[in-house]
Amino acid sequence: MSRESVVIIGAGQGGLQAAISLRQNGFAGAITLIGDEPGLPYQRPPLSKAYLHDGNAEALRLRPDSFFTSKEVDYLPETRVEQIDRAAQEIVIAGASGKRRLGYDHLILATGTRNLRPPIAGVERSCDLRTLRDAEILRARLSQPQRIAVIGGGFIGLEFAAVARKLGHEVSVIEAAPRLMARAVSSWMSDHFAALHRDWGTALHLGEAAVAVQGDGVTLANGTTIPAEFVLLAAGVRPNTELAEAAGLEIENGVKVDACLLSSDPAISALGDCACFPDPRTGRPVRLESVQAATDHARLIAARIAKGESAAYSALPWFWSDQGDRKLQIAGYADPDATEEAVAEGIVARFDAQGLAAVETVNNARVHMKARRLLASGAPVALDDLGEIVAA
Amino acid sequence: MVKVTYVAHDGTQTTVEAEDGDSVMHAAVSNDVDGIVGECGGSMMCATCHCYVDEAWQDRVGPRSDGEEDMLEGAACEVNDRSRLSCQIKLGADLDGLVVHLPEEQF
């Protein structure tokens with residue numbers, strides 16, 4: 001009998017974690033990890049934060065070269081997957097050594113997301129911030145003072161804006177929604193961060209859609225032009241589902257998976273940013289773009305493959321964003337339609353039909369950790385309970 | 001270069017050479033030392049780089065940083081007065097030869 005084999009498509013933090021966890025769980029079969037970028041797998045979160053300041057790419061590396069030999073993980077960088085042949089349980093890959101087919105007993109999709117490119121005239125003049133290569137280009141651009149426009153007032157756009165401002169650039173943020181980070185945080189937190197960014201000297205254009213990127217700046221729907229020598233596009237992402245879709249897997253805002261993170265094909269799992277899974281608390285389908293989800297998914301899938309465990313995914317989401325000297329921390333996950341209650345300055349609770357969904361804090365690790373414990377316990381939480389935690 | 005020794009829960013010792021300015025967490029991860037995870041990359045978000053500083057080194061390593069105490073609450077194993085988040089311990093010549101002990105698990 002040939003060795004059992006697992007193939008992981010996507011060598012981001014989640015894909016690599018799946019390989020790590022498979023070995024930690026005693027999986028003795030073959031593991032192939034396929035990535036389309038050059039170099040060793042690296043962390044993405046610092047690309048919009050510390051890396052822009054220090055430019056230290058080595059510090060981003062998730063594992064040294066020796067890991068792949070000592071743990072027998074066949075890592076294929078700069079390799080694209082062209083097709084999943086579910087009937088044959090094979091994929092078609094194309095890399096430096098040409099095209100070939102690769103068999104799998106279990107396939108893990110960790111294909112992540114790519115940047116949305118909205119229909120804005122001249123959008124190709126703008127830069128992205130998603131890969132290490134993107135960040136290298138941005139860092140080089142940041143070496144001389146200039147006017148910078150950021151299209152998109154989400155986490156990446158705002159983290160970048162805070163760094164650029166600190167480096168002395170003139171920064172404008174253009175956001176089509178009426179408030180910052182609207183999809184992910186409460187309106188209290190949006191307003192709080194809007195005030196901070198304005199204090200730091202960044203111009204915010206909220207509720208204004210960008211319609212064109214020109215050589216001299218960005219034109220808004222209202223006809224005004226924001227002068228800029230450099231434009232960053234940070235208008236969100238879309239999950240990379242084309243391979244899965246072409247293979248006939250069920251797609252629903254990502255690769256649809258069940259509570260065990262299996263796709264509609266029991267030989268294929270999906271994890272991280274590309275996977276749409278049932279929220280353990282509400283059962284509603286959700287897709288999260290975070291290190292936490294990617295790595296917690298990876299650990300569950302690895303334990304299932306290596307040890308036959310069949311536990312449902314139940315990890316509590318957590319998230320952070322560093323903007324200037326502020327650390328926004330979110331325990332739990334709230335839909336955009338969740339209600340909000342300001343518990344105290346810088347502490348917001350989000351509620352939905354099932355009760356407390358999330359707690360947002362700023363520079364407050366104590367309350368963040370207590371909220372994580374409270375939410376993870378699964379016990380019903382009232383606003384008063386949170387008040388007690390804050391007062392304690 | 002600064003030498004750091006990691007003592008795993010089962011007693012296995014691994015000594016690595018780290019760069020000046022590196023953190024105890026990053027030195028472990030970049031040298032493939034099992035037992036330190038550092039999921040958030042040193043952003044003090046995850047408490048998966050928990051370690052116990054060897055008694056002989058406690059004074060030299062110094063106190064916990066702001067917020068570290070709170071994050072340690074999320075550690076998977078028992079937290080005692082030698083507990084630190086290893087991402088918050090920066091290595092320099094004064095810590096050459098440092099010994100840290102690793103908990104049984106980080107999750």
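In the text below, chain A, chain B and the rest are named by the order of the sequence lines, each starting its count at 1.
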Review point. Less than 4.5 Å apart, any side-chain heavy atom of Glu39(B) and any of Gln17(A)?
Key: yes
Review point. Side chains of Val29(B) and Arg61(A): does their closest heavy-atom pair fall under 4.5 Å?
Key: no
Check your understanding: Can you tell me how far the NZ atom of Lys327(A) sits from the CE atom of Met45(B), to the nearest 0.5 Å?
Key -> 6.5 Å
Practice item. Give a yes or no on this: more than 12 heavy atoms of other residues, nucleotides or ligands lie within 6.0 Å of atom CD of Glu55(B). Key: no
Point to revise | Residue part contacting chain B, namely of Ile20(A), when any heavy atom lies under 4.5 Å | key: neither
Check your understanding: Are there more than 12 heavy atoms of other residues, nucleotides or ligands under 6.0 Å from atom NZ of Lys90(B)?
Key -> yes
Review point. SG of Cys40(B) to CH2 of Trp320(A): how many Å apart, nearest 0.5 Å?
Key: 5.5 Å
Exercise for review: Check whether more than 12 heavy atoms from other residues, nucleotides or ligands sit under 6.0 Å from atom CG of Asp59(B), and answer yes or no.
Suggested key: no
**Study point:** Pair Arg366(A) + Glu69(B): basic N to acidic O under 4.0 Å
**Key:** no
Check your understanding: Just how far is it from atom OG of Ser43(B) to atom CD of Gln43(A), taken to the nearest 0.5 Å?
Key -> 7.5 Å
Exercise for review: Take atom CG of Asp10(B) as the centre, draw a 6.0 Å sphere, and report whether it contains more than 12 heavy atoms from other residues, nucleotides or ligands.
Suggested key: yes
Exercise for review: Could you tell me which portion of Glu58(A) (side chain, backbone, both or neither) has an atom closer than 4.5 angstrom to a non-hydrogen atom of chain B?
Suggested key: both
Check your understanding: Can you tell if the side chain of Gln24(A) reaches within under 4.5 Å of the side chain of Asp34(B), non-hydrogen atoms only?
Key -> yes
Check your understanding: Rounded to the nearest 0.5 Å, what separation is found between the CE atom of Met44(B) and the CG atom of Asp322(A)?
Key -> 10.0 Å
Exercise for review: Let me know if Lys49(A) has heavy atoms under 4.5 Å from chain B in its side chain, its backbone, both or neither.
Suggested key: neither
Exercise for review: To the nearest 0.5 Å, tell me how far Phe68(A) CZ sits from Asp32(B) CG.
Suggested key: 9.0 Å
Point to revise | Atom NZ of Lys71(A): over 12 foreign heavy atoms under 6.0 Å | key: yes
Practice item. Over all heavy atoms of both residues, which pair between Ala365(A) and Gly67(B) is shortest? Give the atoms and the distance, please. Key: CB-O, 3.9 Å
Check your understanding: Once you round to the nearest 0.5 Å, how far does CD of Glu19(B) lie from CG of Asn56(A)?
Key -> 9.0 Å
Practice item. For chain B, find which of Arg299(A), Gln292(A), Arg372(A) contributes the most heavy-atom pairs closer than 4.5 angstrom. Key: Arg299(A)
**Study point:** Neighbour count >12 (heavy atoms, 6.0 Å) for atom CG, Asp65(A)
**Key:** no
